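Being a predicted model, the structure only gives us computed values, none of them experimental. Note on naming: letters A, B, ... go to the chains in the order of the sequence lines (proteins, then strands), and numbering restarts at 1 for each one.
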Amino acid sequence: MAQLDVQSKLAILADAAKYDASCASSGTAKRSSAGQKDGIGSTEGMGICHAYAPDGRCISLLKILLTNSCIFDCHYCINRKSANVRRARFSAKEVVDLTLSFYRRNYIEGLFLSSGIIRSSDYTMEQLVEVARSLREDHGFRGYIHLKTIPDADPLLLEAAGRHADRLSINVELPTVAGLTRLAPEKSAVRIEGAMAGLRHAIDDGRDATRRYKSAPGFAPAGQSTQMIVGADAATDRDIVGRASTLYDRYRLRRVYYSAFSPIPDASAVLPLQRPPLMREHRLYQSDWMMRFYDYKPEEVAAAADPATGMLPLDIDPKLAWALRFRERFPVDVNRAPREALLRVPGLGVKAVDGIIAARRWRRLRLEDVGRLTRSIAKLRAFLITEDWRPVALAERADPLPTAKPKREQLELFAA
Amino acid sequence: MPLVKLAAEDDFDGWRTAARAAALIGVPPEGLHWQVGDQVADLFAGATEPPLPPAPAGAAFSVSKTFVALAETVVLHADPERFALLYAMLVRLRDQPRLIEDQTDPLRRRLEEMAKAVRRDIHKMRAFLRFREVTDADDAPRYVAWFEPEHHIVRANAGFFMRRFATMRWSILTPEIAIHWDGDTLTQGPGAARADAPEGDPIEEVWKTYYASIFNPSRLKTGAMLKEMPKKYWKNMPETALVPALIAGAQARETQMVATARTASGGDAHAALEALRAEASGCQRCPLWQPATQTVFGEGPADARLLFIGEQPGDQEDLAGRPFVGPAGQLFDRALAEAGVDRARAYVSNAVKHFKFEPRGKRRIHAKPNGGEIEACRWWIEQERAIIRPTVTVALGATAAQSLLGRAVTISRIRGQPMALADGSEGWVTVHPSFLLRLPDEDRRVEEYARFVADLRRIGERVTALADPA
Ligand code: SF4
């Protein structure tokens, strides 16, 4: 292979990383460079998106692969062994230098480094760890580092990774085992979950230790996350929501990312060339949100899906879909209902609900009061009772449930 | 009317001292003029206005921390009315401290919105400010940025840049004020012009390469991008110059993919089909898997040019695990032979892959799949079609047609004519062979059978014509 300059390598190795949906740089330990003699960087809990790409996703990290060569042949993956793509490989130093140059100019919050597997899992993992180590130890880098870990790498390497990185992730790849068997026959669901369990213990131990001794080295303070590809296997939304919630519980994941399967150049015949179902991905993120912030149980989210197809409606959001299926729970009286009931009102966010609760301690709320806390009171009215407003009980309304039929355009091949 | 002069646009302490004093001596909300520096803010306030008398010694009242925090942020807003609005709120809180809890109060809401705008501006400055490297007189690097905030946030935001870039030397130039950090102390200077900031930085080209490469052209979502990164920030961000070309290029790349979709195919289609069959054997996408014996997957060569979609397996297919082996399948075979279509070179499958039935005594009576079941199972037939890429797909009967076209259709209306499918291939619709079996009238049966054979013959000819365009 001819020697490529760093910029040409970046073009290849960022392009190869664009299918990974993980991007957040939030929720890690606070760090600062103030008062330090050298080094650079800070984290303040809240991550910052430094730019947005035309695909609507934020750019907060330098998201690249160390190399896009791989000994595996997973069908959904652009880097698979049999794919006919240009290959490139960064040295650890090149990645370190790029990260620092970008960071100094305030282009990024840090680095998200992943890699194709070369030689062996251990060898690859060693290289990833070396980048993080060098950034932290040689350059005093205090920005955010997210490392993609290789499931069957030596636990000692994972331990080193956790010492340097803010977040570690292992992708489950596909929501169903049958899908994984078909699309990534060399990967094993058991091994992937085994590695997640290992990380969970290391993270828990690390947290325990830092609680007891201030000087104890932390371990991945921003926890672990995972990604699954949506739309490449037969999993329904109901299956995916169930799988995600099991992963959250079992491995205490901070985030599950969903990546709508998107057509890749030189696609393997196993995969259809389809426009990615972006709306479906969006609905899954919304359902994830419902479980994480609104206390819906996975079964409840599943109940918002179409009973026959197991799919969440594409035309309305899952919170509204749930409310329309459980009409007997509405309308809710804003002046009396408990917080949990208010949180279930479609269109009322956590902030608005807290505002309602604070205000009603000393007076009774009218419709326009609630209107000031939300974006669109018109959509909410059917679900609320206020001092001056009482809608017809939803359960008695004659209009049928908005159908949960997916929009055709989403599924057609390349429909314009 | 007394006049309060504040030292600067973001002079929170000045506002607080004056507001406290005014509230203590009972100045009504509309009874104060606020002014920043020497510029006259109010048409009716002139140099003749008296200054605010001092507050009586020892008098005090307190307001909640929530309000203080809110006021600190709102003071940074660009709206000249902010001081007066905050003062009005303060006067109300003096008499009714609990009012601060009422988030639905219109004035509170307005202040909250202003605070939100300020916080957003602070956040955008942290995100969209771009440093460029220059060299100072002593040969050391300095990083200089030009930024145009909407509100008076620069000083309030300095801490963030000091914590993050503590060991760098940097300057942030804005129209209102410039701040400089030398690694030790923060100094400030007068506002600057854009021309005072350096042009370009060699690393920008590398950054643009990254920006262009990390974006996925098949998921264009410009609305989402604009929502988070409004155009007003673009002019000072090097990477945004690429956006129009990236968007145009994305469409071109997709068009090209559509053009090659029917020809390009990598990998081993036979293996892909076998893997799909294995995955389908465990399908539970809809409830039909429960009572049925097994999944009846499609059958035929992976490179078939002709693909038939039937309705669903029947009693015999369910037991055999193969499609089209029962009475309707036998009739279908006979018709294909008469039409001169090579059965062995066609792929046959079903819209729904599990047998749906109602038990009647010992017998299992075929039941029609509903829309949800067709929709759930459509995933499989689409995957089969995507792997096989048939030139012509034929839907047999209404259920199959609904699966192929994604909507309920009337067979008689679209029968016997080619249709363009979304993937660029051709679709046909005819009756299902079991329809012929159910006809009670002998003459009718003969007549319909002949029509069916005629349809198949035309389809067979069409496949040949498409494969070998003369
Ligand atoms: S009928 Fe189709 S979708 Fe339903 S369980 Fe069977 S194979 Fe799956």
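- Contacts between Cys283(B) and chain A at a heavy-atom distance below 4.5 Å are absent for every atom of the residue.
- Between Glu113(B) and Arg372(A), the closest side-chain pair of non-hydrogen atoms is not below 4.5 Å.
- No part of Pro141(B) comes within reach of chain A, as not one of its non-hydrogen atoms sits under 4.5 angstrom from that chain.
- Both the backbone and the side chain of Asp233(A) come within less than 4.5 Å of a heavy atom of chain B.
- Note: Gly39(A) leads Cys58(A), Gly39(A), Ala352(A), Gly310(A) in heavy-atom pairs under 4.5 Å with chain B.
- Contacts of Ile64(A) with chain B are made by side-chain atoms alone, with heavy-atom separations under 4.5 Å and no backbone atom involved.
- Chain B forms the most heavy-atom pairs under 4.5 Å with one residue out of Gly41(A), Ala358(A), Gly35(A), and that residue is Gly41(A).
- For Leu13(A), no part sits under 4.5 Å from any heavy atom of chain B, backbone or side chain.
- The closest side-chain heavy-atom distance from Phe165(B) to Tyr103(A) is below 4.5 Å.
- When heavy atoms are compared at a cutoff of 4.5 Å, Glu228(B) approaches chain A by way of both its backbone and its side chain.
- Here CG of Asp15(A) is found 12.0 Å from OG1 of Thr209(B). Values are rounded to the nearest 0.5 Å.
- Side chains of Thr43(A) and Arg164(B): no donor on one and acceptor on the other come within 3.5 Å.
- Arg142(A) does not touch chain B: none of its heavy atoms, backbone or side chain, sits under 4.5 Å away.
- Neither the backbone nor the side chain of Ser8(A) comes within less than 4.5 Å of any heavy atom in chain B.
- With contacts defined as side-chain heavy-atom distances shorter than 4.5 Å, the pair His50(A)/Phe128(B) does not qualify.
- With a threshold of 4.5 angstrom between heavy atoms, Ile214(B) approaches chain A through its backbone and through its side chain.
- The shortest distance between side-chain heavy atoms of Asp306(A) and Glu375(B) does not fall below 4.5 Å.
- For Leu226(B), no part lies near chain A; criterion is any non-hydrogen pair under 4.5 Å.
- Residues Phe160(B) and Ile48(A) are in side-chain contact: their nearest non-hydrogen atoms beyond the backbone lie under 4.5 Å apart.
- Taking chain B as the reference chain and counting heavy-atom pairs below 4.5 Å, the highest number among Gly179(A), Pro185(A), Gly371(A) is found for Gly179(A).
- If you measure heavy-atom distances from Arg238(A) to chain B, the contacts under 4.5 Å come from the side chain alone.
- With a 4.5 angstrom heavy-atom cutoff, Ala235(A) touches chain B only via backbone atoms.
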- Query: Arg363(A) and Thr104(B): side chain to side chain contact (heavy atoms under 4.5 Å, CB included), yes or no, with the steps?
  - Reply: CA-CA 11 Å; Arg363(A) 62 191 197 82; Thr104(B) 64; 2.6 Å; yes
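- Residues Thr167(B) and Lys37(A) are not in side-chain contact: their nearest non-hydrogen atoms beyond the backbone lie 4.5 Å or more apart.
- Heavy atoms closer than 4.5 Å to chain B are found in the side chain of Ile59(A), but not in its backbone.
- Contact of Glu205(B) with chain A is made through backbone and side chain together, with heavy-atom distances under 4.5 Å.
- Across all non-hydrogen atoms, the minimal contact from Ala166(B) to Ser33(A) is CB-O, 3.1 Å.
- A donor-acceptor contact shorter than 3.5 Å is absent between the side chain of Asp55(A) and the backbone of Arg219(B).
- No side-chain heavy atom of Arg105(A) sits under 4.5 Å from any side-chain heavy atom of Glu204(B).
- With hydrogens and angles disregarded, a donor-acceptor distance shorter than 3.5 Å links the side chain of Tyr210(B) to the backbone of Lys63(A).
- Interface residue Leu365(A): only side-chain heavy atoms are found under 4.5 Å from chain B.
- Remark: side-chain polar atoms of Glu373(B) are not paired, donor with acceptor, to backbone N or O of Ala308(A) under 3.5 angstrom.
- Asp369(A) touches chain B through backbone and side chain together, each having a heavy atom under 4.5 Å away.
- The aromatic rings of Tyr107(A) and Trp207(B) lie parallel to each other, their planes meeting at an angle below 30°, with 60° marking the opposite boundary.
- With hydrogens and angles disregarded, a donor-acceptor distance shorter than 3.5 Å links the side chain of Tyr211(B) to the backbone of Tyr52(A).
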